[in-house]
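Only one structure is covered here, and it is reproduced in the block below.
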Amino acid sequence: MSIALVMGLLAVVASAKLDEPLRDPDGFLGPSWLRLPLMMLGAFIVDVVPRSIWRARRSPRTFLGQARLIIHEHWTRERIELVVIGLASFFVTYVSYRNLKNYLPRLAGDLQDPVLHRIDQLLAFGHEPAVLLHTVLGEGLAAHVLAFVYLLFLPLTPASLIVWLVWSRNISYGYWFATSHCLTWALGTASYYLVPSLGPNFAYVWLYADLDQTGVSTLQQSLNYARYESVWNPLAADSVQSVAGFASLHVAIILTLALITQYTVRHAWIRWSMWVFFGLTVVSTLYFGWHYIADDIAGAVIAITAVWLGGLATGQQFERGGRSARPTTSTAEVPVEADTRV
């Protein structure tokens with residue numbers, strides 16, 4: 001919650017400095033005061049209803065009884081506190097992040113795209129990383145597959161948070177995920193101001209002109225237009241500016257998810273799936289020119305830092321040189337000695 005409060009305070013200060021109102025970045029989904037309660041209600045329904053239907057599958061008349069039993073078993077005061085604190089912290093952190101990102105053109109320094117582009121070329125031995133990927137993977141089918149991977153980030157981010165808040169057996173795992181999640185957004189926001197940049201697709205458009213039209217290219221065109229509107233007519237702009245390169249929050253958020261999964265999920269196929277998805281996400285950020293290589297490396301550093309600090313803050317003890325972790329706190333239902341992984 002402290003991360004959310006700091007982010008909220010910074011957003012308010014920036015808003016006052018620029019004499020611009022704070023914006024609701026997803027206002028088309030309904031007013032903010034309504035969305036947060038709906039998120040909490042949705043988390044409750046997603047947990048109780050499917051499990052009640054499954055338990056009552058042989059006797060549908062027992063549905064309400066099964067629902068009450070699940071609520072009594074699972075929705076303890078500790079669980080409710082976790083869900084409320086976790087979702088509220090995420091909501092405040094994310095809205096503040098979007099507003100601070102919106103203020104980048106007016107508060108941040110000079111764009112560093114030429115420097116980051118040169119680093120890309122040095123790391124690729126004089127070549128353009130995106131062009132190499134387009135040559136190896138092609139510009140047709142690969143574009144559509146990687147676009148799906150990239151855009152999956154949008155629903156996966158809130159969905160993964162709800163999964164850990166609602167279904168983590170040990171409450172501390174839910175707090176670990178929520179804390180690391182918010183830290184990642186906060187550190188990413190700081191990186192935007194430390195190294196202002198647009199990203200290669202927005203600074204070197206011609207490198208990506210031959211790619212098939214996908215949902216990603218449509219999104220990039222929309223963001224470019226919103227940035228232009230925000231820079232030249234900020235008070236009249238209807239949307240928020242959402243273009244920033246360094247560091248890659250896509251990489252940071254997905255790596256945070258992969259690391260927490262590695263530490264807290266017992267099923268190997270889920271852990272491996274998350275690592276494959278992380279690898280594809282890295283490729284997609286470079287393929288479409290959302291980020292430079294340095295952006296992705298910085299995003300990985302942010303994720304590792306956030307998971308480590310989040311673990312320490314929520315009572316996780318790292319073992320085997322950081323390759324595993326175990327909780328040092330417990331709940332009334334799950335003793336600390338138990339295997340609390342999902």
Q: Tell me, please, whether Trp75 has Arg79 positioned over its six-membered ring: NZ or CZ under 6.0 Å from the ring centre and within 45 degrees of its axis?
A: no
Q: Of all the heavy-atom pairs spanning Ala11 and Leu100, show the shortest one and how long it is.
A: CA-CD2, 3.8 Å
Q: May I ask you to test the Val195-Val115 pair for a side-chain heavy-atom distance under 4.5 Å?
A: no
Q) Does one hydrophobic cluster hold both Phe288 and Leu141, with members joined at side-chain heavy-atom distances below 4.5 Å? A) no
Q. Would Trp290 and Asn201 count as having a side-chain donor-acceptor pair, cut-off 3.5 Å?
A. no
Q | Among Ile254, Thr256, Thr261, Val283, the one residue meeting side chain to side chain contact (heavy atoms under 4.5 Å, CB included) with Phe278 | A | Ile254
Q) Sub-3.5 Å donor-acceptor pair from the side chain of Thr189 to the main-chain atoms of Trp185, do we have one? A) yes
(Q) Let me confirm one number: the OG1-CZ distance from Thr264 to Arg169, rounded to the nearest 0.5 Å. (A) 12.5 Å
Q. Looking only at atom types and distance, does a side-chain atom of Ser191 sit under 3.5 Å from a main-chain N or O of Ala247, one as donor and one as acceptor?
A. yes
Q. Do Tyr208 and His134 have ring centres separated by under 6.0 Å?
A. yes
Q: Identify, with sequence neighbours excluded, every residue that meets side-chain hydrogen bond (donor to acceptor under 3.5 Å, both in side chains) alongside Asn99.
A: none
Q) With no hydrogens and no angle check, do the side chains of Tyr204 and Asp113 hold a donor and an acceptor under 3.5 Å apart? A) no
Q) Any sub-3.5 Å donor-acceptor pair from Arg271's side-chain atoms to Val265's backbone N or O? A) yes
Q: Measure across Trp269 and Ser273 and return the closest heavy-atom pair with its distance rounded to 0.1 Å.
A: O-OG, 2.7 Å
Q: Would you name the heavy atoms of Gly299 and Val251 that are closest together and state the gap between them?
A: C-CG1, 4.2 Å
Q) Side-chain donor-acceptor pair under 3.5 Å between Arg98 and Tyr94, yes or no? A) yes
Q) Do Leu9 and Val92 belong together in a cluster built from hydrophobic side chains that touch within less than 4.5 Å? A) no
Q | Heavy-atom pair of closest approach, residues Phe318 and Ala325 | A | CD2-CB, 3.9 Å
Q: Locate the shortest heavy-atom distance separating Tyr103 from Pro21; write the atom from each residue and the value.
A: OH-O, 3.5 Å
(Q) Taking the side chain as everything from C-beta on, heavy atoms only, tell me whether Glu81 gets closer than 4.5 Å to Thr76. (A) no
Q | Donor-acceptor contact present, side-chain His291 to main-chain Thr285, <3.5 Å | A | no
(Q) Quick check on Trp275: does its CH2 atom have over 12 non-hydrogen neighbours (other residues, nucleotides or ligands) under 6.0 Å away? (A) yes
**Q.** Whether Ser89 side chain and Gly86 backbone form a donor-acceptor pair below 3.5 Å
**A.** no
(Q) On a heavy-atom basis, which atom in Ser197 and which in Phe246 lie closest, and how many Å separate them? (A) OG-N, 3.0 Å
Q: Indicate yes or no for a side-chain donor-acceptor contact from Thr62 to the backbone of Gly65 under 3.5 Å, with no hydrogens or angles considered.
A: no
Q.
Check whether Asp120 reaches the backbone of His117 with its side chain - one donor and one acceptor, N or O, closer than 3.5 Å.
A. no
(Q) Let me confirm one number: the CD1-CD1 distance from Ile85 to Ile80, rounded to the nearest 0.5 Å. (A) 11.5 Å
Q. Looking at CD of Gln262 and CD1 of Ile260, how far apart are the two atoms once the value is rounded to the nearest 0.5 Å?
A. 11.0 Å
Q | Pair Asn170, Ser172: side-chain N/O donor-acceptor within cut-off below 3.5 Å | A | yes
(Q) Quick one: does any side-chain atom of Gln241 pair with a main-chain N or O of Lys101 as donor and acceptor, under 3.5 Å? (A) yes
Q.
Could you measure the distance from the CD1 atom of Ile53 to the CZ atom of Arg57? Nearest 0.5 Å is fine.
A. 12.0 Å
Q | Option passing ring-ring contact (aromatic ring centres under 6.0 Å, His included) with Tyr263 (candidates Phe177, Trp176, Trp308, Trp164) | A | Trp176
Q. Looking at CG of Leu255 and OG of Ser180, how far apart are the two atoms once the value is rounded to the nearest 0.5 Å?
A. 11.0 Å
Q.
Checking the side chain of Arg227 only, and the main-chain atoms of Asn224 only, is there a donor and an acceptor separated by less than 3.5 Å?
A. no
Q | Straight-line distance of His144 NE2 to Leu211 CG, nearest 0.5 Å | A | 9.5 Å
Q | Under 3.5 Å: donor-acceptor pair, side chain of Thr157, backbone of Phe153 | A | yes
**Q.** Glu73 and Arg55 ion-paired at < 4.0 Å
**A.** yes
